[in-house]
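Here is how names work: the chains are called A, B, and so on, in the same order as the sequence lines, proteins then strands, and each is numbered from 1.
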Amino acid sequence: MSDIVLEATDLVHHLGQGAGRVQALKGVSLSLKGGELVLLMGPSGSGKTTLLSILGCLMTPDAGTVKVGGQAVAALDAEALAKLRRERIGFIFQSYHLFPTLNAEDNVRLALDVRGEWARAAKLASREVLATVGLGHKRKSLPRELSGGEQQRVAIARAIVGKTQVILADEPTGALDTSNGQAIMTLLADIAKDPSRAVLVVTHDPRILPFASRVVHIEDGRIVREEAVGESMKKVSNA
Amino acid sequence: MSLQFRLASRNLFHDRLRFVATVIGIIFSIVLVTVQMGLYVGFRRMVTTMIDHSPAQLWIMPVGTKCFEDPSLLDERQRFRALAVPGVAEATPLVIGYAQWRLPQGTTTPVFVVGSELRGLGLHPWNVVEGRLDDLSVPGAVAIDQTYFERLGISGVEQTAELRDRKVQVMAVSKGIRSFTTTPYVFTDVERARTYTGTTPSKASYLLVRLAPDADLWKVQQALRDSLGNVEVLTAAEFRNRSRSFWLFGTGAGAALFAGALLGVIVGTVIVAQTLYSSTKDHLNEFATLRAIGSSSRYIYTVIIWQALLSAIVGFAGAAGIGKVVAAATAESALPVIMTPLLTVALFALTVTMCVGSAITAIVKVMRIDPAMVFSR
C-alpha cells in the first residue's frame with residue numbers, strides 16, 4: 001500500500017468580500033496516495049481551482065488542514081510555503097506559463113534553479129527530462145517556436161524535473177487537440193506509475209477518464225462523488 | 001550560473017524601445033550630475049589656483065579675509081615682526097587688486113594684478129611659454145596669460161599697453177593661468193603692483209611666510225598669531241578651505257551646482273523606477289509563475305535588481321562617454337568640467353545606487369503578487 005503524499009481535511013474557504021463573499025469550499029476532504037492519478041471534475045464555479053490552489057499551498061484555507069508529505073502547512077509562512085512547493089509540488093497550467101524569453105531547456109531548468117541547483121547536473125537533468133517528453137531535439141527552441149502540445153510537454157518537463165512527490169495539473173489538455181491531449185495524459189500516467197508520486201488533474205475533459213485511477217467529482221464546494229476507474233473502462237476506451 | 005541574470009537581461013532587452021528610453025533617461029540624468037559635479041570640482045580647483053601655486057606655508061592676512069581675491073590690506077611693518085618670530089625663514093609681501101588695462105586702441109578692461117617680490121618667496125606666473133620671469137624686473141614689465149591676448153589687445157611679448165595710465169610691457173606669457181571670474185591676471189613686481197592698484201607703499205594684501213627647516217608649522221603659526229595681534233595667520237590648507245567655502249557656499253554657487261546634481265538624480269530615479277515598474281508589471285505573470293513553482297522572494301528580487309544593475313551599467317557607460325567629451329570641450333575654458341578618477345567612481349556608485357533604489361517600486365509590486373493567479377490566467 002502506498003503512502004499518502006497529499007492530504008486535505010475539512011477545507012473551508014471563502015472568496016470575495018462583503019455582499020459578494022461566497023463560500024467556495026464547504027468542508028472538502030481529499031487525499032492522494034503515491035502511484036495515483038486522480039481526476040478532479042466538476043462544473044465551472046464548483047471550487048476546483050480554489051481547491052487546487054489550496055492543495056498547491058498557493059492559498060491558505062479559512063479552515064481545515066493540508067499536509068504535504070505528512071507535513072502540516074498551516075503554520076508555515078510565505079517563504080516556507082515557497083520552499084515546500086519547490087521541493088515537493090510540481091505545477092502544470094492550462095496556459096503553460098512558460099517564460100517567453102527562455103528556451104525550452106532553460107524553462108525546464110528554472111524549476112531546479114529556484115532551488116539553487118545551478119550546476120551542470122541541473123542542465124543535464126533538464127535535457128534528460130526534455131528527451132523523456134519527446135522534445136530532446138527542441139531544447140533550444142523558444143516557446144513561440146513550439147506548438148501548443150509541445151509547450152505543454154515543456155511545462156510537464158518543468159513540473160517533473162525536480163522529482164516532486166505531487167504534480168498538480170490544471171486543465172493540462174484544455175488547449176490541446178485529441179492526439180496531443182492523449183500524449184500529455186500518457187506522460188502524466190507514466191509519472192503516476194512511480195509509487196512515491198501522485199498526480200492530480202483538474203479537468204472537464206471526459207476523454208481522459210481512462211488514464212485515471214480515481215475520479216473525484218466536486219459540485220458547489222463539496223465533493224459529491226468519488227469513483228475508481230475500472231480496468232473495463234480503460235479497455236473500452238482503448239478499443 | 002543561475003538563470004536570474006538571463007531572466008533579467010531578457011526581460012530588459014525584450015522590449016528594446018523601452019530599454020533605449022531607460023538608457024537615454026539614465027544618460028541624461030547622469031550627464032547632468034556629471035556636468036554639475038565636474039563644474040564643482042573645476043570650481044573648487046580654480047578658486048584656489050593662486051594658493052596652490054604659491055610656495056608659502058603660512059599666509060598672514062587682514063582679519064576677515066574671505067578668499068584670495070578679497071583686496072583687504074595690512075600694514076607691511078608686520079613683516080618685520082613676523083621675521084622676528086623663531087622658525088620664520090622668509091616673509092614677503094603680496095599685493096593684489098583690480099586695475100584698468102587700456103588696450104592700444106584706447107578701450108579699457110579690468111584686470112586683476114598680482115604683485116610679489118621677483119626673487120625668493122612670491123607668487124610668480126607658472127607655465128611660462130614666452131619670455132622669461134627674470135625679465136619682469138625691467139621697469140613696467142608684466143606677465144599675462146595667452147588665453148587673454150585678445151581681451152588685452154596683445155599678441156606676444158614686448159607689446160605694450162597701459163595699466164592705471166602707466167605704460168606696461170608684456171615680458172612673459174604663461175599658458176593656462178585662467179581666472180574663474182574671467183578677469184585676466186596680470187603678474188608684476190610688488191612695488192609696481194602697488195602703483196597699478198593704488199595701494200599705499202606701506203601696505204600689502206598678504207604676507208607670505210616660509211618656515212625654517214625643522215620648524216613646527218603649528219607652533220610657528222601660533223607664535224605669529226601671538227606676536228602680530230590683529231591679523232589672521234592661516235596655513236595654505238586652511239586658506240584653501242576658507243576660499244572654497246566662501247566661493248562655493250558663501251556665494252551660493254556650490255548650492256546651485258548641488259541642486260542641479262540633485263535634480264539629475266531625481267530625474268534619473270523617476271525614469272528608472274517607472275521603467276522597472278512597468279517592466280515588472282508586464283512580466284507579472286512570469287513572476288507569479290516563479291513564485292508558484294517555489295522561488296523565494298529573494299530570487300525574484302535578485303532578477304529585478306539585476307535589471308536595475310544592467311540599466312545602470314549601460315546608462316553609465318553612455319554618460320561617462322559624454323562626460324569625457326564635455327570635459328575635453330571645456331578643458332580650456334575659465335570654468336572647466338573636471339572628471340577625476342574619484343568623481344568617475346563616485347558617479348558610477350551613484351548610478352548603481354540610483355538604479356537599485358529605483359527597483360524598490362518594482363519589488364513592492366512583486367511582493368503583492370498572488371501566486372494563485374497562475375490558475376486564473
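- Phe99(A) and Leu7(B) get closest at one heavy-atom pair: CD2-CD2, 3.6 Å.
- The two residues Ala372(B) and Met59(A) come nearest to each other via the heavy atoms CB-CE, 4.1 Å.
- With no hydrogens or angles considered, a side-chain donor-acceptor pair links Ser297(B) and Glu79(A) at under 3.5 Å.
- Smallest separation of non-hydrogen atoms from His14(B) and Thr101(A): ND1-CG2, 3.4 Å.
- Expressed to the nearest 0.5 Å, how far CG of Asn103(A) lies from CZ of Arg10(B) amounts to 7.0 Å.
- Nearest heavy atom pair, residue Asp113(A) against residue Leu3(B), reads OD2-N, 3.0 Å.
- For Ile300(B), no part lies under 4.5 angstrom from a heavy atom of chain A.
- Heavy atoms of other residues, nucleotides or ligands lying less than 6.0 angstrom from NZ of Lys26(A) number more than 12.
- What you find for Trp118(A) and Ser2(B) is that their closest heavy atoms are CE2-CB, 3.4 Å.
- Using a 4.5 Å cut-off between heavy atoms, Arg115(A) makes no contact with chain B at all.
- With a threshold of 4.5 angstrom between heavy atoms, Ala78(A) approaches chain B through its backbone and through its side chain.
- With hydrogens and angles disregarded, no donor-acceptor distance shorter than 3.5 Å links the side chain of Arg85(A) to the backbone of Ile293(B).
- Atoms CZ and CG, from Arg6(B) and Leu110(A) in turn, are 11.0 Å apart once rounded to the nearest 0.5 Å.
- Heavy atoms from other residues, nucleotides or ligands lying under 6.0 Å from CZ of Arg21(A) number more than 12.
- Side-chain contact between Thr289(B) and Phe93(A) is present, with at least one heavy-atom pair separated by less than 4.5 Å.
- Of the listed residues (Arg109(A), Glu171(A), Gln94(A), Lys83(A)), the greatest number of heavy-atom pairs within a distance under 4.5 Å of chain B belongs to Arg109(A).
- The backbone N or O of Arg291(B) lies less than 3.5 Å from no partner atom in the side chain of Arg86(A), so there is not a single donor-acceptor pair.
- Side chain of His97(A) to backbone of Val374(B): a donor-acceptor contact under 3.5 angstrom is found.
- Nearest heavy-atom pair across Leu58(A) and Pro371(B) is CD2-CB, 3.7 Å.
- Contact count against chain B (heavy-atom pairs under 4.5 Å) is highest for Val114(A) among Leu84(A), Val114(A), Leu102(A).
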